[in-house]
Amino acid sequence: MRSSTAGKARKVKGEGETFATQVLEVVRKIPRGKVLTYGQVAALVGSPRAARIVGGVLFRLGKKSKVPWQRVLNARGMLSTYRVGCGEEQKKRLQAEGLRFNRQEAIELERYQWWPTARQLKAWRVDDDLAASIHQRFGW
DNA sequence: TCAGTGACTCCCC
DNA sequence: CGGGGAGCCACTG
């Protein structure tokens, strides 16, 4: 059996997929000018409480990576990356995509948060139960 | 194999 | 409304 820890993951893992590869698969699809929260990404790959791990995966991306890591931020619409030294870089990239930050250094999630289409969810093999639980949790 | 870790989140005061 | 604290869980060495 493949390492789907705790048996809580409801999203089916394809051959050779890990939590990390699934995270990157999701992040790569975030449209320019839109964002997802760490928790949202975690939920989409079937581990709704693994938000911290999403951050860890993105942290270990190489500088040359083409994955749009700047499009992932925390549940308050703020950047968690200042503490690891790339907050300014993330802010700069997001501003270049048209996002505006308020006085609290936050963006309006209601305005910029991305919700994948049903077609996209299917492509990621997110089953109906998981999709339903995500809808409920995030009021999507 | 296993304990330590943390780009999170939520709850409580 | 703000900050402190405690779960959380896949990755890492």
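So you know, we letter chains A, B, ... as the sequences are listed, proteins then strands, and number each from 1. No hydrogens, no waters, no symmetry mates; every other heavy atom, side chains included, goes into these values.
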| field | Neighbours of DNA chain B within residues 98-106 of chain A, by heavy-atom distance under 4.0 Å | value |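 The stretch gives none, as no residue of it lies under 4.0 Å from the strand.
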| task | For a side-chain contact (heavy atoms from CB on, under 4.5 Å) with A:Val72, tell me which candidate from A:Val23, A:Val27, A:Leu79, A:Val57 qualifies. | result |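 Testing each of A:Val23, A:Val27, A:Leu79, A:Val57 against A:Val72, the sole residue satisfying side-chain contact (heavy atoms from CB on, under 4.5 Å) is A:Val27.
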Do other residues, nucleotides or ligands put more than 12 heavy atoms under 6.0 Å from the [atom1] atom of [X]?
X	atom1	result
A:Asp128	CG	no
A:Arg76	CZ	no
A:Lys29	NZ	no

| said: Checking side chain to side chain donor-acceptor pair (under 3.5 Å) between A:Gln70 and each of A:Glu97, A:Gln95, A:Lys92, which is the one that passes? | reply: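 Testing each of A:Glu97, A:Gln95, A:Lys92 against A:Gln70, the sole residue satisfying side chain to side chain donor-acceptor pair (under 3.5 Å) is A:Glu97.
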| query | Could you give the CZ-to-P distance, from A:Arg52 to C:dG5, as a whole number of Å? | reply |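 Distance, rounded to whole Å: 15 Å.
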| query | Would you call the rings of A:Trp115 and A:Trp140 parallel, tilted or perpendicular, where under 30° means parallel and over 60° means perpendicular? | reply |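 Ring orientation, 0 to 90° scale: parallel.
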| task | May I ask you to say what A:Arg83 touches in the nucleic acid, namely base, sugar-phosphate or nothing, with a heavy-atom cut-off under 4.0 Å? | result |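 Sugar-phosphate: the residue A:Arg83, judged by heavy atoms under 4.0 Å, touches backbone atoms but no base.
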| field | Sugar-phosphate only, base, or nothing, as touched by A:Ala20 at under 4.0 Å among non-hydrogen atoms | value |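 Sugar-phosphate, no base atom in range.
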| said: Side-chain N or O of A:Thr18 versus OP1/OP2 of C:dA10: is the shortest distance under 4.0 Å? | reply: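 So the side chain of A:Thr18 is outside the cut-off, no N or O lying under 4.0 Å from OP1 or OP2 of C:dA10.
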| message | If the cut-off is 4.0 Å, is A:Arg49 near the phosphate of C:dC9, judged by side-chain N/O to OP1 or OP2? | response |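 True: A:Arg49 side-chain N/O within range (under 4.0 Å) of C:dC9 OP1/OP2.
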| Should A:Arg125 and A:Glu17 be marked as a salt bridge (Lys or Arg N to Asp or Glu O under 4.0 Å) after you check the CA-CA gap, both sets of side-chain angles, and the distance that decides it? | CA-CA 12 Å; A:Arg125 299 177 306 287; A:Glu17 283 192 322; 2.8 Å; yes
| message | Which is more 5' along DNA chain C, the nucleotide nearest A:Ile53 or the one nearest A:Arg60? Just name the residue. | response |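 On the 5' side of the pair lies A:Ile53.
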| message | With a strict under 4.0 Å distance from non-hydrogen atoms of chain A, what nucleotide opens and what nucleotide closes the contacted stretch of DNA chain B, reading 5' to 3'? | response |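 Footprint of chain A along DNA chain B, 5' to 3': B:dG6 to B:dT9.
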| query | Hey, is the main chain of A:Tyr82 close enough, under 3.5 Å, to the side chain of A:Gln90 for a donor-acceptor pair? | reply |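 Not confirmed, A:Gln90 side chain does not pair with A:Tyr82 backbone.
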